[in-house]
Amino acid sequence: MAPNSTDTSLRPVVTRFAPSPTGFMHIGGVRTALFAYLYAKRHRGTFILRIEDTDKEREVPGSIAHIQESLAWLGITPDFGPDTPGPWGSNIQSERLSIYKRYAEELIAKGLAYPDPYTAAEVEAFRAQATAEKRPFLIRNHRPATFEVWDGTKPLRLKVPEVKRYTWHDVVRGELTAGEEALDDVVLIKADGYPTYNFAHIVDDHEMGVTHIMRADEFISSLPKFLSIYDALGLPYPEFVTMPPILRDDRSKKLGKRDGAKDILDYRTEGYLPEAMMNFLALTGWNPGTEQELFTHDELVAAFDATKIQRAGAVVNEDKLLWMNKYHLGKKDEAFKHEYVKNALPEALRSLPTCTEEILTALTPVVLERIHTKVEISDAAREGEYDFAFITPEYDTALLQWKKDPSVLEALPRLKRVFEILSAANVDFSNAEALKELLMPYAEEVGKGEVLWPLRVALSGRAQSPDPFTIMTIIGGGETLKRLSNACGKIQGDAS
RNA sequence: GGCCCCAUCGUCUAGCGGCUAGGACACAGGAUUCUCAUUCCUGUAACCGGAGUUCGAUUCUCCGUGGGGUCACCA
């Protein structure tokens, strides 16, 4: 452990997720939020959502609400956030400028911060020269001999307190280290008066009592700069928990918005359940140390161990996400499933007078058995897969012919017989088992395929469909007999 | 280019000196089944390379290779 590190094990855990409001959140950002949340909840601690809006150029209106909605959808509930200030005040950085200024002035008083005497063009010239000479650019090599008084119009820079090799501890990566090249006189307060990320996040994390910082591995190389700021301010280090990257499918680089990374809320639109998303995200870059793969929210909270976070980058396994969604869909109650299926059906089907709540209830399990997401329901519906439930089918009579039969005419007496059996019996058409008991003796006598194939096609109008008994429970007795009668009529019509 | 991080089946991963290298998704085959789907069973498939340490390396060390990140008045 680094010399300046404090033992945070006795303090209540406080974590935060600190996005900048520059648009939507993709799967990578959400996972960072999830891990910070799970860790806090696992230790009965506090989870803060802090908005880092110190770059007014990049800010996208509406982002804060969008971020909040994304987290709310997943069931990640911050204890403090943009709408719920803490004892430390606002959780929006643009509303905390006086606090950063106070810390900045403290550094100036210590002689550890100074206004940048150079114009942007001059700094750029230094940089260009360094690049041309193929050596790293360090502004600290151009540090003025004496510091001007800071009037707030120039960027305020840190005077690195001690140029040295830093070694620090990371919960995931263990001991990390970086040379002096990683240290520089970074900007603390920009010329526009806003603090930089480098400075603001350190001040805020301290003010808010943050004990563990979860963030992406792209920040590893900046850690020495951060540590030098902690040192300059005389602040203890928190625990660092570095997240592995989520990579593009081709592993060429980190997943980013430019590479078509989806808004997490797009998954909601496609019919993914938040339970499935959370479960899947948790297992991308983390494992419980057991072979359990299916988790509820509470199980994840109970199982989460930050030391099991992965070091290597991961690619999103979309197929597994689909599989998980099907699983979690199966766990939902009947009312939810009913609405889920109903909402996924195209308007063309939903507006039919036959699209009753009773039929939908009977159809729902049949649909859910065959799909992973809402979009698959819509696609299948457009292909006509569920038409049998609502519409008396139209089809070519040739489809009624069982593969072993020489002619479709063979099916005629069998369908008639089935019609007779169903008409004569006083069977409950909502009971698939009863229907099966009633018809199977005849089917087994003649041959299952010989009877069931034409029966099923007569009812569904399709070569592939649920079994005939299930279809009968969905469409009811009247419609069943009507379709059988139709089929018989068509065969006879074709024959004459 | 400097600095830093990473490396087990196609993908997500287990492994923390000795295992027939395990699980999941996907894929293939089979069973159930009139068809589709579900369910169940089985199978194909991985330790980046080279040295070193050791009786013994997927595991520890070093050197490569490959990939990624970072060098902003962005976060």
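Since we're looking at a predicted model, the values are computed, not measured.
- Of the side-chain N and O atoms in Asn287(A), one or more sit less than 4.0 angstrom from OP1 or OP2 of A14(B).
- Between Arg248(A) and G67(B) there is no side-chain polar atom (N or O) within less than 4.0 angstrom of OP1 or OP2.
- Of all the residues in residues 24-33 of chain A, not one reaches under 4.0 Å from RNA chain B with any non-hydrogen atom.
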Check nucleotides 45-48 of chain B against the protein and report each pair of N or O atoms closer than 3.5 Å, with its distance, or say if there are none.
none

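- Within the shown strands, nothing qualifies as a pairing partner of C9(B) under the Watson-Crick or G-U definition with both distances less than 3.5 Å.
- Ring planes of His201(A) and Tyr197(A): parallel class, angle under 30° (limits at 30 and 60°).
- Salt bridge Lys154(A)/Asp151(A): absent, no basic N to carboxylate O contact under 4.0 Å.
- The closest donor-acceptor contact from the side chain of Arg31(A) to the backbone of His26(A) lies at 3.5 Å or more, if one exists at all.
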Step by step, work out the side-chain contact (heavy atoms from CB on, under 4.5 Å) result for Thr22(A) and Asp55(A). CA-CA 9 Å; Thr22(A) 54; Asp55(A) 183 352; over 6 Å; no
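- For U11(B), one of the phosphate oxygens OP1 or OP2 lies less than 4.0 angstrom from a side-chain nitrogen or oxygen of Arg251(A).
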Does Asp53(A) form a side-chain hydrogen bond (donor to acceptor under 3.5 Å, both in side chains) with Ser94(A)? I'd like the steps, not just the answer. CA-CA 6 Å; Asp53(A) 59 338; Ser94(A) 61; 2.6 Å; yes
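- Of the candidates A75(B), G69(B), G15(B), G15(B) carries the atom nearest the Lys308(A) side chain, counting heavy atoms from C-beta on.
- Residues Tyr230(A) and His206(A) place their aromatic rings such that the two centres sit no closer than 6.0 Å.
- Annotation: side-chain hydrogen bond (donor to acceptor under 3.5 Å, both in side chains) contacts involving residues 302-315 of chain A, sequence neighbours excluded, comprise Asp305(A)-Thr307(A).
- A heavy-atom distance below 4.0 Å to RNA chain B is reached by these residues of residues 183-190 of chain A, ordered by number: Val187(A), Lys190(A).
- With a cut-off of 3.5 Å on both Watson-Crick or G-U wobble distances, the partner of C3(B) is given as G69(B).
- Across all strands shown, Ala314(A) has heavy atoms under 4.0 Å from sugar-phosphate atoms exclusively, and none from any base.
- Counting non-hydrogen atoms under 4.0 angstrom, Gly447(A) reaches nothing in the nucleic acid.
- Thr54(A) has a side-chain polar atom (N or O) that falls below the 4.0 Å cut-off from OP1 or OP2 of A75(B).
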Would you be so kind as to tabulate the donor-acceptor pairs closer than 3.5 Å made by side chains of residues 288-296 of chain A, with sequence neighbours excluded?
residue, atom, partner, partner atom, Å
Thr290(A), OG1, Gln292(A), N, 3.2
Gln292(A), NE2, Leu294(A), O, 3.0
Glu293(A), OE1, Lys320(A), NZ, 3.1
Glu293(A), OE2, Lys320(A), NZ, 3.4
Thr296(A), OG1, Glu299(A), N, 3.1
Thr296(A), OG1, Glu299(A), OE1, 3.4

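- Here the nucleotide nearest the side chain of Thr196(A), chosen from C73(B), C4(B), C12(B), is C73(B).
- No close placement of the Tyr194(A) and Tyr100(A) rings is indicated, their centers lying 6.0 Å or farther apart.
- Within the nucleic acid shown, Tyr194(A) has no heavy atom closer than 4.0 Å to any nucleic acid atom.
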Please report the C-alpha distance between Leu459(A) and Phe469(A) in whole Å, then the side-chain angles of each, then the deciding distance to 0.1 Å, and finally whether the side-chain contact (heavy atoms from CB on, under 4.5 Å) criterion is met. CA-CA 10 Å; Leu459(A) 297 177; Phe469(A) 309 107; over 6 Å; no
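- Remark: the separation of the P atoms in A21(B) and C16(B) is 14 Å, to the nearest Å.
- Applying the side-chain hydrogen bond (donor to acceptor under 3.5 Å, both in side chains) test to pairs two or more places apart or on separate chains, those with a residue in residues 403-415 of chain A are Asp405(A)-Arg414(A).
- The ring-ring contact (aromatic ring centres under 6.0 Å, His included) contacts involving residues 113-138 of chain A comprise Tyr114(A)-Phe147(A), Tyr118(A)-Phe126(A), Phe126(A)-His142(A), where partners must be two or more places apart or lie in separate chains.
- The distance between atom CD1 of Ile92(A) and atom C1' of A75(B), rounded to the nearest whole Å, is 17 Å.
- The stretch residues 243-252 of chain A participates, sequence neighbours left out, in these side-chain hydrogen bond (donor to acceptor under 3.5 Å, both in side chains) pairs: Arg248(A)-Asp250(A), Arg248(A)-Ser252(A), Arg248(A)-Asp259(A), Asp250(A)-Ser252(A).
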Scan nucleotides 5-7 of chain B against the protein and return all N/O pairs shorter than 3.5 Å with their distances rounded to 0.1 Å.
residue, atom, partner, partner atom, Å
C5(B), O2', Arg173(A), NH1, 2.1

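- Legend: salt bridge (charged side-chain N to carboxylate O under 4.0 Å, His left out) pairs involving residues 184-204 of chain A, not counting sequence neighbours, sorted by first then second residue: Arg50(A)-Asp204(A), Arg96(A)-Asp204(A), Arg143(A)-Asp185(A).
- Surrounding NZ of Lys101(A) are at most 12 heavy atoms belonging to other residues, nucleotides or ligands under 6.0 Å away.
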Please tabulate, for the side chains in residues 364-371 of chain A, all donor-acceptor contacts under 3.5 angstrom to protein atoms that are two or more places apart in sequence or on a different chain.
residue, atom, partner, partner atom, Å
Thr364(A), OG1, Leu360(A), O, 2.7
Arg370(A), NH1, Val366(A), O, 3.1

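- Note on Lys154(A): nothing from the nucleic acid sits closer than 4.0 angstrom, heavy atoms only.
- In this structure, C60(B) and G52(B) make a Watson-Crick or G-U wobble pair, each of the two defining distances being under 3.5 angstrom.
- A 3.5 Å limit on both hydrogen-bonding distances identifies G43(B) as the Watson-Crick or G-U partner of C27(B).
- Rounded to an integer number of Å, the gap from Leu223(A) CG to G69(B) P is 18 Å.
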Any chance you could list the contact pattern along nucleotides 21-39 of chain B? Use B for base contacts, S for sugar-phosphate-only contacts and - for none, protein heavy atoms under 4.0 Å, 5' to 3'. -SBBBS-------BBBBS-
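- A14(B) atom P lies 12 Å from atom CD1 of Ile309(A), rounded to whole Å.
- Pair check for C16(B) finds none; no Watson-Crick or G-U wobble contact set falls under 3.5 Å.
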